[in-house]
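Report on the structure given below.
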Amino acid sequence: MSDDSDLMSEIPDPVPEPSPSLFAAPPMAEQERMVEAILFACAEPLSLAQISARLPQGCDAAEALGHLRSRYTGRGVNLERVGDAYALRTAPDLGWLMQNERVETRKLSRAAIETLAIVAYHQPVTRAEIEEIRGVAVSRGTIDQLLELDWIRLGRRRMTPGRPVTFVVTEEFLDHFGLESARDLPGLKELREAGLLDSRPLPGQAVLEDDEAGDGPSRGQSELFED
Amino acid sequence: MSDDSDLMSEIPDPVPEPSPSLFAAPPMAEQERMVEAILFACAEPLSLAQISARLPQGCDAAEALGHLRSRYTGRGVNLERVGDAYALRTAPDLGWLMQNERVETRKLSRAAIETLAIVAYHQPVTRAEIEEIRGVAVSRGTIDQLLELDWIRLGRRRMTPGRPVTFVVTEEFLDHFGLESARDLPGLKELREAGLLDSRPLPGQAVLEDDEAGDGPSRGQSELFED
Amino acid sequence: MADDWDTLETVSARREAEALIVDVAGFEGPLDLLLTLSRTQKVDLRRISVLHLAEQYLVFVEQARALRIELAADYLVMAAWLAYLKSRLLLPPEPGEEGPTGEELAAHLAWQLERLQAMREASARLMGRDQKGRDFFARGAPTALAVSRKLTYEASLLDLMRAYARLRTRDEFRPYAFDRSDIYPYEAALERLLSLVPGASDWTALQAYLPEGWRGAPARKRSAIASTFAATLELAKQGQIELRQSDTFAPLQLRRRPGHGGGDE
C-alpha cells in the first residue's frame, strides 16, 4: 500500500512547502508505534484517513496497520477492522473476565431485533419493505430506537414513486457485532443464493413493482459482492 | 519480535506443576493475555490484588504483569505503575500525537440546531426565511457558529430584490450527520412514521404536508441539484 | 393423503388451533401465525402444502369467531385472501382467464414464509454473535480525541430531525411519548408487570395491576386492561407468571410462577 507516497511524489510541488521529500518519514517500526498509540487512545474505530491525518507526512498508515494487526494476533487485545475503520478490541474469548465493564443494554423487542436483521440483510431497505417481509406494521418507536442506538441510519432515497427513505446499518452496528463489513453477516451468501434477499413482487403485480425491482434490495446486496 | 518468543519459551510449562486449586491454572501466556485484556478494558489503574481477584484461581498476576511489561517495552503503549496500581498508557514520547486532541464537546444550542435544520430542509434559504420559519430573529452569532463549524456555507444569491445571500449545507455537514445527500433527510410524513412527530395532522398544515410527503424535504431542494 | 389431512384436522389440528387462539396476542401479524401453523406440517418450508396451510388458517379464524375472539383486520384480510387462493388451487382455471395461477400465488406465499423464517434465524444468529460491551470491549479509558478542534459541537441527526419536527408543529408540539393520552401502550404495561411480578406470589386479579389514573374513565381503563392483558399473555408465554380463570368471563387472576425468581432468563 505505497500508493499514497507514490501519488505524492508524482505531483509536482508548486510551493516550497514542507514536502514529503523534505523530511524523511519515520522508520516503519516507529510508524507502527504511532498507529498503536493512536488506536489505543481512542474508543471509536478510526478510518485509514483519520489515522493518516495524525501521522507525520510520508507515513504509510496501511502498512503500519498491517504490521500492528499481525503483532496483536492471538493476544488479549486484537486489532479489528470495522467497515473502513480500525479499532483495538479485547479478544472475544476473554469477555468473561470483564464482568465489571459489562454494559447492561436495554433488552430489544423481537420486532426491533427482526427489523435490525432485515435492515442488515436487505439494505438499503424501505420501511414498506420491512413491513412486507414481517407481514406486520413496524410500530412507532422501533425505527426510532434503532436510530438512537446508532445501529441504523438513513441511506439514499429510493428512486421510485414517493421517493421513500431507505435504511442501512452503521459502522457502530458493525463494531457492536464484531463484523468487518456487512458482507460478513452470517449466512448472507446462502440467503442470497436461495433467493431470499430478492424483492419478488406478488404475481400479478409485477408491473407496479417493476420500478422497484431495478433499484431494490436485491441490487443493494448484490453490490456487496461485486468487488 | 523474536524476544517475545524467547520470553515465552523461557517460561516452564505449568501443566505438570501441582496447583493449589482443583484445576490447573491457565498457561502463563494465557494469563498474560488475560491481564492485557483486563488492563485495556478497565477505566482505572488496577492494583495487583484487584487483578488477581479477576483472574482464575492459581494465576500469578505479578508474573503475568512482568511478562506484559517487557512485551510492551519500547512500544507505542507501555505498562506503567501508578502508585500501587498498574495501567496501560500511551508511550510518553508519543504524547504529541494526542496533543491537539483534547476536545471539549458541547451540545449545540437550540437556536443553532433549529437554524441548521431549516437550512438542511429548505436550502438554499435566506436569513429572512429562516427567521420567518423560526418566528424569531436569528442572531449573527448563530449563523457564524454554523459557518465556523463548516456545516453551512453561502449559496447563490437569490434573484429577488436586494439579492439576499442564501445558505446551504456542506459536505462536512453530510459527513457529520451520516447522510449521503441532503435529499435523504426524511420529510414530515416520515418523521411522523418514525415516531418523532405527533401523528395527528395540525389544522392548516394539511397542504404543506401533502407537499412534503410527495417529494421529500421541499421545493428548494431541487434547486440544489440543478448545477 | 386427503384422508390423512382430514383426520389431522378433526383431531390434533383443531386442538392446536384452539391452543393458538389463546395465544393470539403473541403473534406478530398473520404471516407470523402462518409460519407457526406451517410448523405443524413438519416438512421443509419448500415442500409445504400451501393448500393445507390455507385450510389450517381458515380453521383458526373460524374457531376464533366461534370463541368470539376479535381478530385484527389484517388477520381477516389474510383469511379472505387465503380463501381466494384455496379456490384458485382447487378449481380448474377458466379458459382465457387472466392473472397469475393459484400455483404461482401459492409459491409466492411459501417464499414469503421462507423469507420470514430466514430473517428470524438471521436475527437469532446476529444476536448470538459476540457483542461489544458484553463479549469484547473497547478501551476503557480513552484519551479524549476526535477531530483536532479545541471545541466541537455535538448534534445528532436525531436532534436535527426533532428540531425540525418541533418547528413545523410549533406551539402544538408535544414530545411524542405523551401524545396518545388515552392509550396505554403495551410496552408500558409489560414494563410495569415485569417490575411487579417478583412480588406477585399470591393469586391477584388482573385489574389490580392497572396503573394509577387508568382505573376510572372507561376508555382509559379499557386501553389499560387490553395492554395489561396482552402483557400477561407474553409473560405467561415466557414462563414468568401463571394465569387462571375460574369460569368464562370470571376475573382473570395471575401470580408469579412458583420457583421463578423473576429474573430475565
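Worth knowing before you read on, the calculation uses all heavy atoms, side chains too, and leaves out hydrogens, waters and symmetry mates. To find a chain, count down the sequence lines: A is the first, B the second, and so on, and within it residues start at 1.
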Checklist line | Spacing of A:R71 atom CZ and B:R75 atom CZ [to the nearest 0.5 Å] | finding: 4.0 Å
Checklist line | Part of A:R156 within contact of chain B (heavy atom distance under 4.5 Å) | finding: both
Next item on the list: Decide side-chain contact (heavy atoms from CB on, under 4.5 Å) for B:F40 and A:M98; before the verdict, give the C-alpha distance in whole Å, the side-chain angles of both, and the deciding distance to 0.1 Å.
Entry: CA-CA 10 Å; B:F40 175 85; A:M98 259 69 74; over 6 Å; no
Item checked: Which atoms of A:L39 approach chain B - backbone, side chain, both or neither, heavy atom under 4.5 Å -> neither
Note to self: Counting heavy-atom pairs closer than 4.5 Å to chain B, which one of A:L88, A:L68, A:N78, A:V168 comes out on top?
What the structure shows: A:L88
Checklist line | chain A interface, residue from B:A41, B:G74, B:G76 that has the most non-hydrogen pairs under 4.5 Å | finding: B:G76
Item checked: Minimum heavy-atom distance between B:T90 and A:A37, given as atom pair plus value -> CG2-CB, 3.5 Å
Notebook entry, point to check: Between A:L97 and B:R54, which heavy-atom pair has the shortest distance, and what is it?
Noted result: CD2-O, 3.2 Å
Margin query: Can you give me the closest heavy-atom contact between A:L154 and B:D184, atom names plus distance?
Written below: CD1-O, 3.6 Å
Check: Would you say the side-chain atoms of A:R157 pair up with the backbone N or O of B:R183, donor to acceptor, closer than 3.5 Å?
Finding: yes
Next item on the list: Let me know if A:F167 has heavy atoms under 4.5 Å from chain B in its side chain, its backbone, both or neither.
Entry: neither
Notebook entry, point to check: Is there a side-chain contact between A:E30 and B:D93, using heavy atoms and a 4.5 Å cut-off?
Noted result: yes
Next item on the list: Heavy-atom pairs under 4.5 Å with chain B are the metric here; pick the option from A:R33, A:E171, A:R89 that has the most.
Entry: A:R33
Check: With sequence neighbours excluded, what pairs up with A:R102 under the salt bridge (charged side-chain N to carboxylate O under 4.0 Å, His left out) test?
Finding: none
